[in-house]
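Encoded as structure tokens, the structure appears first; notes follow it.
Heavy-atom basis, side chains included; hydrogens, waters and symmetry copies ignored.
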Amino acid sequence: MIIQKSIYDYNEGEGSEPSLEEYYTTFVPGDDEYPTYTDENGVKQDKKTYVTSVLETSDQSIYKERANSVESLITSFDSTYSYRLYEYFLESGSIKYNTLEGQTNIGDQIERMIKVTREKNLWDAEKSLNDTWREYLEMLEAQTEERETESRLVDTGCVIGFKHANDSSYTSASDWEKGGKCYVE
């Protein structure tokens, strides 16, 4: 997805210019929820959004495809998006459960499953971060070990000294002579 509207565009959606939220709408022209404005003649007009920004067409399937790509990016960004949506509808009172006497409340089970999933996601993220850092440190240790033995890996100071060959503050001339730390046969 190419970013076509910057997050630094602080328009609040006044007039024909869409707000950031309106620009990345998941609705298509013709939907009741699609962002509109009233022009100077009092006529309701569609705002230009990501869905319609590339081309204007009467083929709704093109608009629907672009709207679906925005929706897909939103849902793939957060693996718990559906849980947050569920909680939003539960808090707004749109979801209610009828529990018969002696039965387990399905709402409690769903909330427990959401809690466990979030805890596992957090644990997985922390483990992934720790594994990445461990692998990075192992790579640095291997490079250091290679530099300390006779190998093809050049000392980092020599690399910096080579880049700044005209500046003697990085390496001395003796470092580059036979037997010096930067000398390679």
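- The side chain to side chain donor-acceptor pair (under 3.5 Å) test applied to Glu138 returns Arg134, not counting sequence neighbours.
- Within 6.0 Å of CD on Glu21 lie no more than 12 heavy atoms contributed by other residues, nucleotides or ligands.
- Contact annotation: the side chain of Met113 never approaches that of Val116 to less than 4.5 Å [non-hydrogen atoms, C-beta and beyond].
- Summarising the geometry, atom CD belonging to Glu141 is positioned 10.5 Å from atom CE belonging to Met139; distances are rounded to the nearest 0.5 Å.
- Residues Ser69 and Tyr50 have side chains in contact (heavy-atom distance under 4.5 Å, counting atoms from C-beta outward).
- For the atom pair NZ of Lys47 and OG1 of Thr36, the computed distance is 7.5 Å after rounding to the nearest 0.5 Å.
- At least one side-chain heavy atom of Thr80 sits under 4.5 Å from a side-chain heavy atom of Asn121.
- Between Tyr37 and Glu17, the closest side-chain pair of non-hydrogen atoms is not below 4.5 Å.
- With a 6.0 Å radius and a threshold of 12 heavy atoms from other residues, nucleotides or ligands, Asn98 has its CG atom at or below the threshold.
- Note: the hydrophobic cluster containing Tyr88 also contains Ile106 (ILVMFWY, side chain heavy atoms under 4.5 Å, direct or indirect links).
- In this structure, CG in Asn68 is found 15.0 Å from OH in Tyr63, a value given to the nearest 0.5 Å.
- The ring-ring contact (aromatic ring centres under 6.0 Å, His included) check on Trp123 picks up nothing, with sequence neighbours excluded.
- Surrounding CD of Gln45 are more than 12 heavy atoms belonging to other residues, nucleotides or ligands, all under 6.0 Å away.
- Salt bridge annotation for Asp108-Arg112: absent, with no cationic side-chain nitrogen under 4.0 angstrom from a carboxylate oxygen.
- The distance from atom CG of Leu20 to atom OG1 of Thr25, rounded to the nearest 0.5 Å, is 11.5 Å.
- Qualifying side chain to side chain contact (heavy atoms under 4.5 Å, CB included) partners for Leu90, counting only residues two or more places apart in sequence or in other chains: Tyr86, Ile95, Tyr97, Glu111.
- Hydrophobic cluster membership differs between Tyr34 and Val70, with clusters built from Ile, Leu, Val, Met, Phe, Trp and Tyr side chains linked at under 4.5 angstrom.
- For the salt bridge (charged side-chain N to carboxylate O under 4.0 Å, His left out) condition, the pairs that include at least one residue of residues 84-95, sequence neighbours left out, are Asp78-Arg84, Glu87-Arg118.
- Here the CD1 atom belonging to Ile110 is positioned 8.5 Å from the CG atom belonging to Asn105, to the nearest 0.5 angstrom.
- Checked against side chain to side chain contact (heavy atoms under 4.5 Å, CB included), Asp124 has the following partners two or more places apart in sequence or in another chain: Lys120.
- Considering all non-hydrogen atoms of both residues, Pro29 and Asp46 come closest at CB-OD2, 3.5 Å.
- The OG1 atom of Thr132 sits 9.5 Å away from the NZ atom of Lys127 when rounded to the nearest 0.5 Å.
- A continuous path of hydrophobic side-chain contacts links Leu140 to Leu129 [ILVMFWY only; heavy atoms under 4.5 Å].
- With sequence neighbours left out, Asp31 forms a salt bridge (charged side-chain N to carboxylate O under 4.0 Å, His left out) with no residue at all.
- In terms of modelled atom types and a separation under 3.5 Å, the side chain of Asp39 and the main chain of Asn41 share a donor-acceptor contact.
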